[in-house]
Student: 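Can you keep this structure in mind? I'll have questions shortly.
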Amino acid sequence: MTHLSLPSLTALALIALAAGCQDPAEVGAGLLDDPDGVAVTDTTTILTATALLDSVSTQGAERYLVGEYDDDVLGRVSATAYLQFGLGGQTFDVDEAAEVDSLVLELPLGYRYGDPDAPVTVSVHRVTAPIEAAEDGGGLFNSDAFAYDPVPLATAVVEPGADSVDVRLSGPLGQDLLDMVLGDDVTDDAFQDALRGLALVADGAAAVLGVEPSSTDSVALRLYYDLDPSDPDDQASIAFVLADGSFSHVEGDAGGPRAAFPETRSSVTSARTGARTFVQSGVGLVTRLDMPGLFRTLYSARQYAIHNATLSLYPVDGTYDEETPLPDRLALYVADEDNRNVTALTTSGGSTVTATPSGGDEFGRGVRYRFDVTQFVTDEIRAGYETGRVLIVLPETATYVGSVSRVVLGGREDRAYRPSLSVVYSSF
């Protein structure tokens, strides 16, 4: 390990901890030439890898996904939205003479990943199996899927720029729901006996769309009925609302970089994936960072005060564009050596450590994410030697479970885009 000690300086030393090595002679010369005693040196290694986590919990998300997209880096990603409906605590007073007019699925849209100009065809299918979480709990995950009738109730084309779509459903389902409302047992269980759920399936690989239940216009299954069939103006409706069993099934191409993973919770070093690491929402791909030399970095200083530590990650130029934009925000999480016990990394004030893409740097890299990791570095050094903790990079939770966005980051083998960690400290 290279470590410079200049007791004659009231040191404010800037140490860039990055993958690779730098010539100690050059580092020393740079420090001595700087009247402020500021140096840039490589004193440890950041090991980079891509990890495949267990299934992603997508139940009750802020967005449900439907569609397919062929990504030129990670291959095809596909999503099916499973929507379960219920009464939402409503009671109904419907005349027994009411007759079904129509049943309409109202879908507000607020997300598109893929071709911005291509129409997306979505079919609506009646789920034929109960939507139930596994017995061990934990809810419904991206890996879960349930049988549905292959014959759709309806098909709709979502045009580019559309912020909603209403799909008129055919078949006897509308009458089944009206009969349920008119019956003696008007409960959520009775409703889900009549309708276990609806599956939204896309045809083609143009884009993945997001159904937004939290938008101003909520997702609803609306039953229109006539009170007087002879009077077209004498009509009313009932809106059934989303229930707890709604989730997204999301899966990625088994080929490409994913083929390197023998099982979930495993990691593949960036040396085996073209000096790149990957993050992909919805399917469990994350970037893993190991910094095994943090304790030794300041060990010889004996007495020191850490003022700031900044981690910079660099998306590789040319891997993002209008169809595959960078995530608006990435977050850091802490895990153990087996990529388990993943918890949010927080600042000393308790806020989750996040970063947004910002402009490039003096080395010509177009965009970077810069994280304040002062508390993490301080804790690691104080703990002494190897703690077994690693950093996991992924989008914030809402984005991670409600999108398929991805980012390609430089690995330690890529001198142009490898990550860097700078620590500002005083030694005395």
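Quick caveat: nothing in here was measured; it's all calculated off a predicted structure.
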Student: Please step through side-chain contact (heavy atoms from CB on, under 4.5 Å) for the pair Leu313 and Thr287, ending with a clear verdict.
Tutor: CA-CA 10 Å; Leu313 303 179; Thr287 286; 5.6 Å; no

Student: Over all heavy atoms of both residues, which pair between Ala355 and Tyr369 is shortest? Give the atoms and the distance, please.
Tutor: O-CD2, 3.5 Å

Student: If I compare all heavy atoms of Thr319 with all of Thr324, which pair ends up nearest, and what's the gap?
Tutor: O-OG1, 3.8 Å

Student: At their closest point, which heavy atom of Gly245 faces which heavy atom of Leu140, and how far apart are they?
Tutor: O-CD1, 3.6 Å

Student: For Thr399, what residues pass the side chain to side chain contact (heavy atoms under 4.5 Å, CB included) criterion, not counting sequence neighbours?
Tutor: Ser281, Pro395, Ser403, Ser405

Student: Could I get the full list of side chain to side chain contact (heavy atoms under 4.5 Å, CB included) partners for Asp117, not counting sequence neighbours?
Tutor: Asp115

Student: Determine, stepwise, if the pair Asp372 / Thr374 fulfils side-chain hydrogen bond (donor to acceptor under 3.5 Å, both in side chains).
Tutor: CA-CA 6 Å; Asp372 181 353; Thr374 306; 2.6 Å; yes

Student: Look at the aromatic rings of Phe240 and Phe191 and report parallel, tilted or perpendicular, splitting at 30° and 60°.
Tutor: tilted

Student: What residues form a side chain to side chain contact (heavy atoms under 4.5 Å, CB included) with Asp336, not counting sequence neighbours?
Tutor: Asp338, Arg340, Asn341

Student: Rounded to the nearest 0.5 Å, how far does CZ of Arg389 lie from CG of Asp290?
Tutor: 12.5 Å

Student: Going through the checks in order, is the side-chain hydrogen bond (donor to acceptor under 3.5 Å, both in side chains) test met by Asn339 and Ser267?
Tutor: CA-CA 8 Å; Asn339 304 318; Ser267 300; 2.8 Å; yes

Student: Name the orientation class of the two ring planes belonging to Tyr69 and Tyr113 (parallel below 30°, tilted from 30 to 60°, perpendicular beyond 60°).
Tutor: perpendicular

